[in-house]
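Encoded as structure tokens, the structure appears first; notes follow it.
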Amino acid sequence: MSTAPLLVVHRDKELMARAAAARLITGIVDAQAARGSASVVLTGGRNGNGLLAALAAAPARDAVDWSRLDLWWGDERFLPEGDPDRNVTQAREALLDAVPLDPERVHAMPASDGPHGPDVDAAAAAYAEELAAAGGPVPAFDVLMLGVGPDTHVASLFPGLPAVRERERTVVGVQDAPKPPPTRITLTLPAIRAAREVWLLAAGEDKAEAAATALSGTAEAEVPAALAKGRNRTLWLLDRAAASKLRSPSGV
């Protein structure tokens, strides 16, 4: 398990998105050179989608062999296929439809009108089986990205809810999320911590308190973002606004 997280603070959210996209391209290319393929876990929200849009616009995006990339999701809103609020729908609009991915390697979480119907727990179990089939209990993700909520939630692991305390299952259904929609599917901490690198993205003044709390090293049990760590590296990517309450922010 990696030790202290590394912090990179950028001037603003636009620069953060472009720099993170460049970093991700490098990470994918390096993983493909070393192992033949790469495995990345995407995150939704404004920062996750901003990164994908920046990647779509990056001249270096063609350095990636998109046919040898597996994409997974850290969480998903349990809504019908194609719903504009689903993370996969937003990811397709931001990037996925513009690059030559292998459809078999795009592992979207089940929709509420999928084969499991409205049974979110069955849908979560099915995604856990898909992960296990790719190299169980979960693949060795090269990069797993997470947005950080103002309440310090990551994926759909919210402070105080049972999903944060899950230590056996890799994917669970959430039915009482405090942020709409209340029904979601999420990776758990055991799955997140299997990643080689975990990147936490936070931009904006509304994320400053959450970043400061998560990086303070205290009260981890009630701070999901503090519990999200990579095996080799944990990287926090912030803009200056999100870093404004850190004790000693450094940046570029």
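Side-chain contact between Trp66 and Leu96: absent, with no pair of heavy atoms (C-beta onward) separated by less than 4.5 Å. Under the 4.5 Å side-chain criterion, counting only non-hydrogen atoms from C-beta, His153 is in contact with Pro159. Counting only heavy atoms from C-beta outward, the side chains of Asp142 and Glu197 never approach each other to under 4.5 Å. Looking only at side-chain heavy atoms (C-beta outward), Leu6 and Thr234 stay at 4.5 Å or farther from each other. Side-chain contact between Glu166 and Leu189 is absent, with no heavy-atom pair separated by less than 4.5 Å. Between Val41 and Leu187, some side-chain heavy-atom pair lies under the 4.5 Å cut-off. By the 4.5 Å heavy-atom criterion applied to side chains, Leu95 and Asn49 are not counted as neighbours. Within the 4.5 Å cutoff, the side chain of Met16 has no heavy atoms near those of the Arg11 side chain.
Paired with Val154 under the rule side-chain contact (heavy atoms from CB on, under 4.5 Å), one option of Leu200, Val223, Leu201, Val198 passes, and it is Leu200. Ser156 pairs in a side-chain hydrogen bond (donor to acceptor under 3.5 Å, both in side chains) with only one of the listed residues (Asp75, Thr186, Thr188, Thr183), which is Asp75.
Of all heavy-atom pairs between Ala56 and Ala94, the closest is CB-O, 3.4 Å. Nearest heavy atom pair, residue Val9 against residue Ala243, reads CG1-CB, 3.7 Å. When all heavy atoms of Ala212 and Leu246 are compared, the pair lying nearest together is CA-CD2, 3.7 Å. The two residues Ala202 and Ala242 make their nearest non-hydrogen contact at O-CB, 3.4 Å. When every heavy atom of Ala128 is checked against every heavy atom of Thr170, the shortest pair comes out as CB-OG1, 3.6 Å. Heavy-atom minimum distance, Leu42 versus Ala91: CD1-CB, 4.5 Å.
Between His107 and Trp72, the two ring planes are parallel [angle under 30°; tilted spans 30° to 60°].
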Intermediate values then yes/no, side chain to side chain contact (heavy atoms under 4.5 Å, CB included), Arg240 and Asp12: CA-CA 6 Å; Arg240 285 181 181 167; Asp12 53 44; over 6 Å; no
Val88 vs Gln90, side chain to side chain contact (heavy atoms under 4.5 Å, CB included): CA-CA, chis, key distance, verdict: CA-CA 5 Å; Val88 66; Gln90 296 172 7; over 6 Å; no
Show your working on side chain to side chain contact (heavy atoms under 4.5 Å, CB included) between Ile192 and Leu144 and close with a plain yes or no. CA-CA 7 Å; Ile192 289 170; Leu144 184 150; 4.0 Å; yes
Show the numbers, then the answer: is there a salt bridge (charged side-chain N to carboxylate O under 4.0 Å, His left out) between Arg105 and Asp102? CA-CA 5 Å; Arg105 301 181 82 156; Asp102 178 352; 5.0 Å; no
Step-by-step side chain to side chain contact (heavy atoms under 4.5 Å, CB included) determination, Val40 to Phe141: CA-CA 6 Å; Val40 171; Phe141 307 121; over 6 Å; no
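A continuous path of hydrophobic side-chain contacts links Leu227 to Leu7 [ILVMFWY only; heavy atoms under 4.5 Å]. Trp73 and Leu79 are members of different hydrophobic clusters when ILVMFWY side chains are connected at heavy-atom separations under 4.5 Å. Linking Ile, Leu, Val, Met, Phe, Trp and Tyr whenever their side-chain heavy atoms come within less than 4.5 Å leaves Val172 and Leu161 in two separate clusters.
Using a cut-off of 4.0 Å between Lys/Arg side-chain N and Asp/Glu carboxylate O, Arg77 and Asp85 are scored as not salt-bridged. Here Asp151 does not pair with Lys207 in a salt bridge; the nearest charged N to carboxylate O distance is not below 4.0 Å.
With Arg184 contributing its side chain and Val174 its backbone, the two residues share no donor-acceptor pair below 3.5 Å. Under a 3.5 Å cut-off, the side chain of Tyr127 and the backbone N or O of Ile185 do not form any donor-acceptor pair. In this structure a side-chain-to-backbone donor-acceptor pair under 3.5 Å is missing from Glu76 to Ala108. The backbone N or O of Pro190 sits nowhere less than 3.5 Å from a side-chain atom of Arg169 that would complete a donor-acceptor pair. Counting only distance, with no hydrogens or angles, the side chain of Gln32 and the backbone of Val64 share no donor-acceptor pair below 3.5 Å. Judged purely by atom type and a 3.5 angstrom limit, Glu81 has no side-chain atom pairing as donor or acceptor with the backbone of Gly114. The closest donor-acceptor contact from the side chain of Thr89 to the backbone of Asp83 lies under 3.5 Å.
Within a 6.0 Å radius of CD in Glu205, no more than 12 heavy atoms belonging to other residues, nucleotides or ligands are found.
To the nearest 0.5 Å, the span separating CG on Asn47 from CG on Leu146 amounts to 12.0 Å. Phe158 contributes atom CZ, which lies 10.0 Å from atom OG1 of Thr152 (distance to the nearest 0.5 angstrom). Here the CZ atom belonging to Arg196 is positioned 5.5 Å from the CZ atom belonging to Arg231, to the nearest 0.5 angstrom. Between atom CZ of residue Phe78 and atom CZ of residue Arg86 there is a gap of 8.5 Å, rounded to the nearest 0.5 Å. We find the CG-CD1 distance between Asp70 and Ile28 to be 11.0 Å, quoted to the nearest 0.5 Å.
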